[in-house]
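Notes for the one structure printed next.
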Amino acid sequence: MDITDVSVSKALLWHSVEIRTRSRVEILTGLSADSARGLNHDLRVFVNHHLSDLIGKDRKQLQVVDDAITGIVRARRQYLAQSDISRAIASVPGNASAALAHPLFNYGHMPAEMRSSLPASFSILTDPSQRKRYNDDFVAHEMQAFESFFDDLGGFPLSDEQREACIRLEDSNLLVASAGSGKSATMVGKVAYVLKKELHEPEELLVLAFGKHAADELKERIARQLDVPAGDLKCRVTTFHALGLGIIKEVEGRPPQMVNWVESATGEARFLNGIIDKLIETDEEFRRLWVEILILYPKAHIPPPEFKDEASYRAYMADNKGRRPKEIGTYSGEYVKSLEEQTIANWLWLNTVDFEYERRTKTQDEDGSDRWIDPDFYYPATDTIHEHFAINADGTSPFPDYVKHAGLKRAAYARLGADLFETTSAQANDGTLLVRLKGELEKRGMTLVERPLEEVLKAVQPVVLNHYRKIIAVCIKHIRASNLTVDILLQKAKSLHHPQRAERFARVVMAITDAYTRKLEEQRRIDFDSMIGDAVRLVENGRYKSPYSLILVDEFQDISDPRARLIKALKHQRAFTKLFAVGDDWQSIYRFTGSDITLFTDFQTHFGASWEGRLQRTYRCNQLLADTAAAFIQKNPAQMTKTVRSSRPAIPRSIRAIPVTVGKTKSKFADACQRLLGRLDTFLEGIADQWRKDDGDRLKVLVLWRYNSLDPFDGEPPAYRNIDVSGLSFHRSKGLEADYTILLGISEGDYGVPSRIEDDELLNLVIPKPETFEYAEERRLFYVALTRASRGAYLLYDDTQPSRYIAELCSIAGDDIRFETVDGSRLWQCPKCITGELAEHVAENGAVAIRCSRHPKCGNS
């Protein structure tokens, strides 16, 4: 039977069934979920009926197979995965053994008569509970037999969790690690253990890391543990990039011609910038769509009912600079109250239309009394009033009494005899809003003059451009890897909250993707994902013969679909190959590079029946930091559950929140950071006898920020006597550790923490299984930043708009979150809003009261 595996996967608009043989892969797409599952089941039943026929025609060999199984079980020399038993069976010649060793063999699909005739030893093959008992006993035995071995691995003893992970070796294995839990040490231990047991030859081991630095470090540690020079290490420790290049070079006789920016951190961005600039210059339709996306739709219009409360809705809409947190900035300089009004105001600016926002207008009530109202837009050139009403197509509004007040406004304008026209949310939703606006203005003889492109692009903030370019880079990877078409993207766009924005972006990103592909073809070069795809095809069609029987992958939470396909191809091409993946879903923060967290959280779906272990002991954070961070990240129920235990006792109040009066300049964070570093250096000097072992010893401080605009050092951190200071972004801090961390800008805002612009629904155009928890990746990113410290973390935030995450931490850790000034004086928290500070306030009549610093927003007076 040529078929070796059948699996179901969720595509963008449908499900697919993947059928693997030793030499090729067939994918049947366009199926409903039920159809895909049904086909998967039917194919497996069909294969097993064929296998049963082979067994039935060769029953005389069953006794020989019985001897092989009995021999491997009695030897008790190794952990037994399903494939280990199958390998023993496969060593017996004949059709029966070949059928029993087949990867899709399923005891449950065999005829009852045949099941009853199998020898007793087959129960370890057919009864999962029996194999589990055997393996549990084997692990307990190995823990004792290899106690001295595990007591000194790289100079340190492994924990019981690490030792078990080294011993267990199912066909697929996922080790879920906590931050600072020693996952790299476990990988080194795993390699050393399997080689000492002679379960695999050194040349059969493949260890994969995501970056060259990580791969080199693992290689050095493995070589040191095996007591050989790194250059003489026979097992292969490398990156996905180098592996793909090596596969192609071995088969084709020469390496592929890669794009010249593949190793550059900024090369891809420059390449995309060149494509976008060229399209702007040569394609009028692209230019129009690109300008509309940047100016009219900087973020998705998501309706209020999609948010948990009105405060969350207002926070999502708020001005990204934080100067007027209840309002939204526009290119005209006005501050408006909704994203739909922002679109209108920006369109008017784009077309050089003079207007006034909420110009106070005097009207009269029915009884003749004066009534003042503020129309949304007033056009002085034609003395026209324009009201934009938040009214849906069915005449309702998400806001209480809104429809009634809209009617009163209309009546007031009628009595005034004003020239009025209306637009509505219904028109925004069906895409006719701007068409109607343009028509109403032109009907009144107003001249529309499109603003020069150079001026428009100059007005766009660099961070907005970078945001869209990052999304484009992710989309290109998925479009090319899955052969998506513009029609597929447009169909998907209809299901998003803001289809008009999504449809424009779909056309833009497809034009960029087409130009991207053409440019690579013209240069006769390939990018990284194409190279991985080429390597996958060489493995799947059998032109590359894999030498690897055990594949170990570090940082598996960062896995992308192309990399996962390469692992699957290697695993399926060589019979009985095993996979050992290590990572932490709590630290999955690279969606913008194409990583897909569901490959980790749904590991068994993608890689078959597996063992799943945990590393829950951290050697970095003290217990208070560990407990607080763990509870914080697990607010998202989609994250895997872990109970983190620290080797360091809790340090009370080791998380400190410090408000900073930012005003109009972010440089206040830099000033506060410098003062805090000086204070910390002085404090540590006073207790140097508690931590300094040798002259020159210094503790490590990481200063971290969400966006590089908050860098307080301009790339040159200051020098201190007692601390080594380095500064970098949250993303770049992953994998690092320090004694203390200082986190800057833990404030609300589009470019705050969480960043409201990063959780963009446009990614759902290309990602089959989008995350549904609010700001899921931003939460993980903050978790990464928070867990770099062992002794303590300082969170500096804008005192007018503290991040929601600070309040969450307070709800978790209570009084162990200390609020203080930059100089260390304690601040007393407001019991109502948590993040405000209580202080004396003298009223005009001289009365003294205790009031929250966030009054009147808080309301605690």
Side-chain angles (χ1 to χ4, degrees), residues 149-150 152-158 162-163 165-166 169 173-175 177 180-250 255 258 262-263 265 528 531-532 535 539 544 546-560 563-564 566-567 570-571 574 577-584 587 590 593 615 619 732 734-737:
F149 175 81
F150 289 126
D152 184 15
L153 255 167
F156 298 95
L158 296 190
Q162 291 173 305
R163 296 174 193 219
C166 290
L169 195 54
N173 307 264
L174 180 67
L175 184 60
S181 62
K183 62 179 180 58
S184 296
T186 308
M187 292 189 73
V188 174
K190 185 80 169 181
V191 170
Y193 172 78
V194 299
L195 292 179
K196 188 173 183 63
K197 290 280 291 184
E198 297 181 346
L199 300 175
H200 301 266
E201 295 298 322
E203 298 85 354
E204 296 177 329
L205 268 59
L206 172 64
V207 182
L208 288 169
F210 280 81
K212 187 176 185 304
H213 176 76
D216 289 345
E217 184 178 343
L218 271 173
K219 186 173 184 177
E220 288 289 339
R221 292 181 64 172
I222 292 170
R224 191 163 55 246
Q225 178 61 40
L226 299 179
D227 196 25
V228 298
D232 295 339
L233 192 65
K234 293 182 180 179
C235 57
R236 186 171 186 187
V237 185
T238 189
T239 63
F240 281 92
H241 181 197
L243 175 64
L245 281 174
I247 289 173
I248 296 172
K249 183 177 180 180
E250 181 175 326
M258 302 295 295
V262 72
E263 296 287 2
F528 176 74
M531 179 198 63
I532 293 292
V539 176
Y544 174 80
S546 171
Y548 307 116
S549 60
L550 175 59
I551 302 170
L552 300 95
V553 187
D554 191 20
E555 301 287 6
F556 196 79
Q557 77 279 348
D558 296 332
I559 197 76
S560 63
R563 291 181 175 98
L566 179 57
I567 293 170
L570 291 169
K571 190 173 186 299
R574 176 169 171 168
T577 297
K578 297 181 180 181
L579 170 64
F580 182 74
V582 184
D584 182 6
Q587 298 186 74
Y590 287 111
T593 65
L615 292 185
Y619 300 93
R732 291 181 59 207
K734 185 170 174 288
L736 302 180
E737 55 185 61

task: Say whether, by atom type as modelled, one donor and one acceptor occur between the side chain of Thr577 and the main chain of Tyr548 under 3.5 angstrom.
output: yes
message: Donor-acceptor check, side chain of Gln225 to backbone of Val188, threshold 3.5 angstrom: yes or no?
response: no
message: Just to verify, which of Asp558, Leu174, Leu579 counts as forming a side-chain contact (heavy atoms from CB on, under 4.5 Å) with Val553?
response: Leu579
query: Could you go step by step and tell me if Ile567 and Phe240 meet the side chain to side chain contact (heavy atoms under 4.5 Å, CB included) rule?
result: CA-CA 10 Å; Ile567 293 170; Phe240 281 92; 3.9 Å; yes
query: Can you check whether Thr239 reaches Leu208 side chain to side chain, under 4.5 Å on heavy atoms?
result: no
query: So, for Phe580 and Val582, which heavy atoms are closest and what is the spacing to 0.1 Å?
result: CE2-CG2, 3.4 Å
message: Against the six-membered ring of Phe150, is Arg163 placed for a cation-pi contact (under 6.0 Å from the centre, within 45° of the normal)?
response: no
query: Considering the options Ile551, Leu206, Leu205, which one meets the side-chain contact (heavy atoms from CB on, under 4.5 Å) requirement together with Arg236?
result: Leu206
message: Using every non-hydrogen atom in the two residues, find where Ala192 and Phe149 come nearest and quote the distance to one decimal.
response: CB-CZ, 3.7 Å
statement: Residues Gln162 and Pro157: closest non-hydrogen pair is OE1-O, 4.5 Å
Between CE on residue Met187 and NZ on residue Lys190, distance to nearest 0.5 Å: 10.5 Å
Pairwise side-chain contact, Cys166 with Thr186, heavy-atom cut-off 4.5 Å (strictly under): yes
- prompt: Backbone N or O of Gly583 within a donor-acceptor pair of the Asp554 side chain at under 3.5 Å?
  reply: no
query: When rounded to the nearest 0.5 angstrom, what is the spacing between NE2 in His241 and CD1 in Ile532?
result: 8.0 Å
- request: Locate the shortest heavy-atom distance separating Gln587 from Lys734; write the atom from each residue and the value.
  value: O-CE, 3.2 Å
task: Assess whether side chain to side chain contact (heavy atoms under 4.5 Å, CB included) is satisfied between His200 and Leu169, documenting all intermediate values.
output: CA-CA 12 Å; His200 301 266; Leu169 195 54; 3.8 Å; yes
- request: State whether the side chain of Gln557 and the backbone N or O of Asp584 hold a donor-acceptor pair below 3.5 Å, judged by distance alone.
  value: yes
message: Is there a side-chain contact between Ile559 and Phe210 in this structure, where contact means two heavy atoms from C-beta onward sitting under 4.5 Å apart?
response: yes
statement: To the nearest 0.5 Å, atom CG of Leu226 lies from atom CZ of Arg221 at 12.5 Å
query: To the nearest 0.5 Å, what is the distance between NZ (Lys571) and CG (Leu550)?
result: 10.5 Å
- request: Please round to the nearest 0.5 Å and tell me the distance separating atom CG of Leu195 and atom NZ of Lys234.
  value: 10.5 Å
message: Testing the basics here: between Ile222 and Cys235, what is the closest heavy-atom pair and its distance to 0.1 Å?
response: CG2-SG, 4.2 Å
Any Leu570 side-chain heavy atom under 4.5 Å of Leu243 side chain: yes
- prompt: So do Phe556 and Leu175 actually touch side chain to side chain, heavy atoms under 4.5 Å?
  reply: no
- prompt: Could you go step by step and tell me if Val237 and Val191 meet the side chain to side chain contact (heavy atoms under 4.5 Å, CB included) rule?
  reply: CA-CA 11 Å; Val237 185; Val191 170; over 6 Å; no
Least distance between heavy atoms, Lys183 atom then Leu615 atom: CA-CD1, 3.9 Å
field: Point-to-point distance, once rounded to the nearest 0.5 Å, from NZ of Lys219 to NZ of Lys212
entry: 9.0 Å
